[in-house]
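Report on the structure given below.
Here the structure is a predicted model, which means the values were calculated and not measured.
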Amino acid sequence: TLFLLLSSPWENFLDRFAMLNIIDIMSIVHSIFESTSHRERAAWLHLVAMGVSYGPYFTLMALRPPTAPLPDLRTMGAFAVTVVVQVIVLGVGHAWLALARPEEARAEADERDRAVELRSMKIAYLVLITGVILVGVVMPFSSSGWKLINSAIGAIVLAEIAHYGFVVWSYRRGWSA
């Protein structure tokens, strides 16, 4: 009974702390939604989708590296689930963004939007080409199988994170060409 008396206030504190964090997150999401352009919100959506889908995948691959020879259906299944989760998050997210503010979703890109997109694609390309050189030129001498495959996937994911991260950063800091 002493344990129950001591744990009850602690659990109450943890419940309140968790609720405050959820409220804080909702407040941040609301402020981002209200103060940003459609393209910035879409970039945030892509960053969240990448984190939600590829974060668990690469965590699983790091904690339990595939040991079965190719084709390893378990690892292929994990990657398939990752892709499906990303498609669902992006599909639902883009539909929500388009329904919430349809006039913004249909608006054409202006000069600033095109400049931000061009610059972010250049940065993403540099990240991707670096990853491709590492995976295609350096790693085949020391690695094979899923380590090589996951490194290639990781290079693509890092390039996408660089792309959308730079889009968000450009809009947040104010773009000056």
Side-chain angles (χ1 to χ4, degrees), residues 25-26 28-62 75-177:
I25 291 169
M26 290 172 56
I28 292 168
V29 168
H30 178 72
S31 69
I32 288 172
F33 183 77
E34 291 301 317
S35 67
T36 59
S37 70
H38 176 75
R39 284 176 177 73
E40 184 180 349
R41 288 191 297 271
W44 277 110
L45 173 64
H46 279 268
L47 287 172
V48 168
M50 298 292 270
V52 166
S53 58
Y54 287 101
Y57 174 77
F58 284 119
T59 301
L60 176 66
M61 293 300 116
T75 306
M76 290 171 64
F79 182 68
V81 168
T82 299
V83 171
V84 168
V85 167
Q86 183 183 18
V87 167
I88 290 171
V89 170
L90 288 174
V92 170
H94 279 294
W96 180 66
L97 289 176
L99 291 173
R101 298 211 176 137
E103 66 285 345
E104 284 185 31
R106 286 190 295 269
E108 289 192 34
D110 61 11
E111 183 178 332
R112 174 183 160 197
D113 295 329
R114 287 190 295 275
V116 166
E117 186 64 24
L118 180 64
R119 189 79 176 264
S120 65
M121 290 299 277
K122 286 179 181 180
I123 290 170
Y125 176 77
L126 292 174
V127 172
L128 182 60
I129 200 69
T130 302
V132 166
I133 289 170
L134 286 172
V135 171
V137 177
V138 176
M139 286 184 71
F141 294 107
S142 62
S143 302
S144 62
W146 279 104
K147 187 171 184 180
L148 203 58
I149 293 167
N150 283 330
S151 297
I153 294 168
I156 295 167
V157 169
L158 285 176
E160 287 294 298
I161 290 171
H163 171 239
Y164 291 112
F166 188 79
V167 168
V168 167
W169 182 73
S170 295
Y171 284 117
R172 288 280 98 194
R173 77 172 179 97
W175 178 258
S176 57

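Using cut-offs of 30° and 60° on the angle between ring planes, the pair Y54 and F79 is tilted.
Note: K122 NZ to F166 CZ = 10.5 Å, rounded to the nearest 0.5 Å. Between atom CZ of residue R41 and atom OH of residue Y171 there is a gap of 11.0 Å, rounded to the nearest 0.5 Å. Between the CD atom of Q86 and the NE2 atom of H46 there is a distance of 8.5 Å, given to the nearest 0.5 Å. Rounded to the nearest 0.5 angstrom, L148 CG and I153 CD1 are separated by 10.5 Å. Taken from OG in S151 to CD1 in I156, the straight-line distance is 11.0 Å, to the nearest 0.5 Å.
Heavy-atom minimum distance, G165 versus L47: N-CD2, 3.8 Å. The two atoms that bring L97 and L45 nearest to each other are CD1-CD2, 4.1 Å, heavy atoms only. Closest of all the heavy-atom pairs between H163 and A124 is CB-CB, 3.6 Å. Nearest heavy atom pair, residue A49 against residue V89, reads CB-CG1, 3.7 Å. In this structure, A43 and V168 approach most closely via the heavy-atom pair CB-CG2, 3.7 Å. Taking every heavy atom of both residues into account, R39 and A109 meet most closely at NH2-N, 3.1 Å.
Between the side chain of S120 and the main chain of E117, a donor-acceptor pair closer than 3.5 Å is present.
Summarising the local packing, CE of M121 is surrounded by 12 or fewer heavy atoms from other residues, nucleotides or ligands at distances under 6.0 Å.
Applying the side-chain hydrogen bond (donor to acceptor under 3.5 Å, both in side chains) test between Y57 and each of N150, T75, T82 identifies N150 as the sole match.
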Next item on the list: Give the C-alpha distance, both sets of side-chain angles, the deciding distance and a yes or no for side-chain contact (heavy atoms from CB on, under 4.5 Å) between D113 and E108.
Entry: CA-CA 9 Å; D113 295 329; E108 289 192 34; over 6 Å; no

